[in-house]
Amino acid sequence: MVFTCIEMETRRRMLGLSQADLGVVLGLIVPKDPSDPRPVSQQTVSRWEEGVDGHAEPPRWVQSALPDVFDRVGEIQEALFRRVRPMVEGLKPDADGVVHVPMYRSDRVFARAVPKMAGWPASLWNGAVARAVDSLDDGREYEFDLVR
């Protein structure tokens, strides 16, 4: 399947990924050089999506990987949601009755807090947490706390 620049951007946004996040995920799932997996830069993803400098579409190695990458990110998001929802349900409210839910400001802070997810974008966790809170209809008041 060949993705146009707008389709790539649309699918990325549907998954809640920034351009930098997509670059990280590409580096993790389909590194261009398996012996040295590095993220694709945000600027590169931006050029692919904008069609800048004659790059109307990503290179072939990205084109062939994108369907699987997008599917894999969806699977990871679903697995995180299933993991996070019981955790959110188990959080106790503070003295004012507010349940404080952690979200992570950076990938580095996220990796320290959730070592099994080291290297993955914090946005995957943050999206799963927001979805978990939205799915609960328990009458509690939730507040997202930004962990720095």
Side-chain angles (χ1 to χ4, degrees), residues 1-92 94 98-136 140 142-148:
M1 171 179 217
V2 175
F3 284 90
T4 63
C5 52
I6 193 69
E7 185 177 11
M8 180 178 165
E9 178 182 5
T10 300
R11 289 177 185 255
R12 172 185 61 77
R13 288 179 184 266
M14 287 172 55
L15 290 169
L17 298 175
S18 68
Q19 291 174 336
D21 292 342
L22 179 57
V24 168
V25 169
L26 283 168
L28 288 169
I29 296 176
V30 288
K32 189 173 184 179
D33 179 0
S35 67
D36 186 18
R38 285 191 236 177
V40 173
S41 75
Q42 179 274 325
Q43 293 85 358
T44 298
V45 174
S46 177
R47 280 196 312 272
W48 292 340
E49 291 182 353
E50 297 297 323
V52 174
D53 298 332
H55 299 288
E57 58 189 43
R60 185 122 0 248
W61 71 271
V62 173
Q63 284 286 344
S64 62
L66 278 176
D68 290 337
V69 167
F70 289 141
D71 287 346
R72 181 76 174 120
V73 169
E75 292 167 4
I76 291 167
Q77 287 175 326
E78 187 59 33
L80 272 174
F81 168 72
R82 287 192 310 270
R83 175 182 174 193
V84 165
R85 190 168 193 262
M87 185 232 23
V88 171
E89 286 177 309
L91 293 174
K92 303 293 181 210
D94 65 11
V98 177
V99 178
H100 294 271
V101 183
M103 293 184 106
Y104 298 96
R105 180 69 171 161
S106 72
D107 298 343
R108 188 184 69 226
V109 172
F110 173 59
R112 269 188 272 141
V114 186
K116 289 183 179 182
M117 294 290 296
W120 291 92
S123 64
L124 294 176
W125 174 273
N126 293 343
V129 167
R131 184 176 162 206
V133 168
D134 289 347
S135 74
L136 297 173
R140 301 191 310 171
Y142 291 90
E143 183 176 300
F144 296 113
D145 289 345
L146 194 57
V147 180
R148 296 177 186 263

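Quick note: numbers below take in every heavy atom, side chains included, and nothing from hydrogens, waters or symmetry partners.
- Nearest heavy-atom pair, Pro31 versus Leu28, reported as atom, atom and distance to 0.1 Å: CD-O, 4.1 Å.
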### Message
Applying side chain to side chain contact (heavy atoms under 4.5 Å, CB included) to Arg85 and Leu136, what does each step give before you reach the verdict?
### Response
CA-CA 8 Å; Arg85 190 168 193 262; Leu136 297 173; 3.2 Å; yes
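- If you take CG on Leu91 and NE2 on His100, they are separated by 10.0 Å, rounding to the nearest 0.5 Å.
- Within the model, atoms CD of Gln19 and CD of Gln42 stand 4.5 Å from one another, a figure rounded to the nearest 0.5 Å.
- Contact between Ser64 and Pro67 at its shortest, heavy atoms only, is O-CD, 3.8 Å.
- Residues Arg12 and Leu17 share a closest heavy-atom pair of NH1-O, 2.7 Å.
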### Task
Just do the side chain to side chain contact (heavy atoms under 4.5 Å, CB included) check on Val30 and Val69 with the steps written out, would you?
CA-CA 8 Å; Val30 288; Val69 167; 4.0 Å; yes
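- Residues Val45 and Met8 form a side-chain contact, since some pair of their non-hydrogen atoms from C-beta on lies under 4.5 Å apart.
- The two residues Pro102 and Val147 make their nearest non-hydrogen contact at CB-CG2, 4.0 Å.
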### Message
Does Val40 form a side chain to side chain contact (heavy atoms under 4.5 Å, CB included) with Leu22? I'd like the steps, not just the answer.
### Response
CA-CA 8 Å; Val40 173; Leu22 179 57; over 6 Å; no
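- In this pair, Trp61 and Trp48 present their aromatic rings perpendicular. The plane angle is above 60°, beyond the 30 to 60° band.
- Considering all non-hydrogen atoms of both residues, Leu15 and Gln77 come closest at O-NE2, 2.5 Å.
- A salt bridge is absent between Glu89 and Arg140: the closest approach of a Lys/Arg side-chain nitrogen to an acidic carboxylate oxygen does not fall below 4.0 angstrom.
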### Task
Could you give me the CA-CA distance, side-chain angles and deciding distance for Glu78 and Arg131, then say whether side chain to side chain contact (heavy atoms under 4.5 Å, CB included) is met?
CA-CA 10 Å; Glu78 187 59 33; Arg131 184 176 162 206; 2.9 Å; yes
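- Side-chain contact between Asp94 and Glu143 is absent, with no heavy-atom pair separated by less than 4.5 Å.
- With hydrogens and angles ignored, the 3.5 Å screen pairs a side-chain donor or acceptor of Thr10 with a backbone N or O of Ile6.
- Side-chain contact annotation: Ser123 with Asn126, donor-acceptor N/O pair under 3.5 Å absent.
- Rounding to the nearest 0.5 Å gives a distance of 10.5 Å between CG of Leu66 and CG of Asp71.
- Between atom CZ of residue Arg11 and atom CZ of residue Phe70 there is a gap of 7.0 Å, rounded to the nearest 0.5 Å.
- Among all heavy-atom pairs drawn from Phe110 and Trp120, the shortest one is CD2-O, 3.6 Å.
- Counting non-hydrogen atoms of neighbouring residues, nucleotides and ligands closer than 6.0 angstrom, the CZ atom of Arg108 reaches no more than 12 such neighbours.
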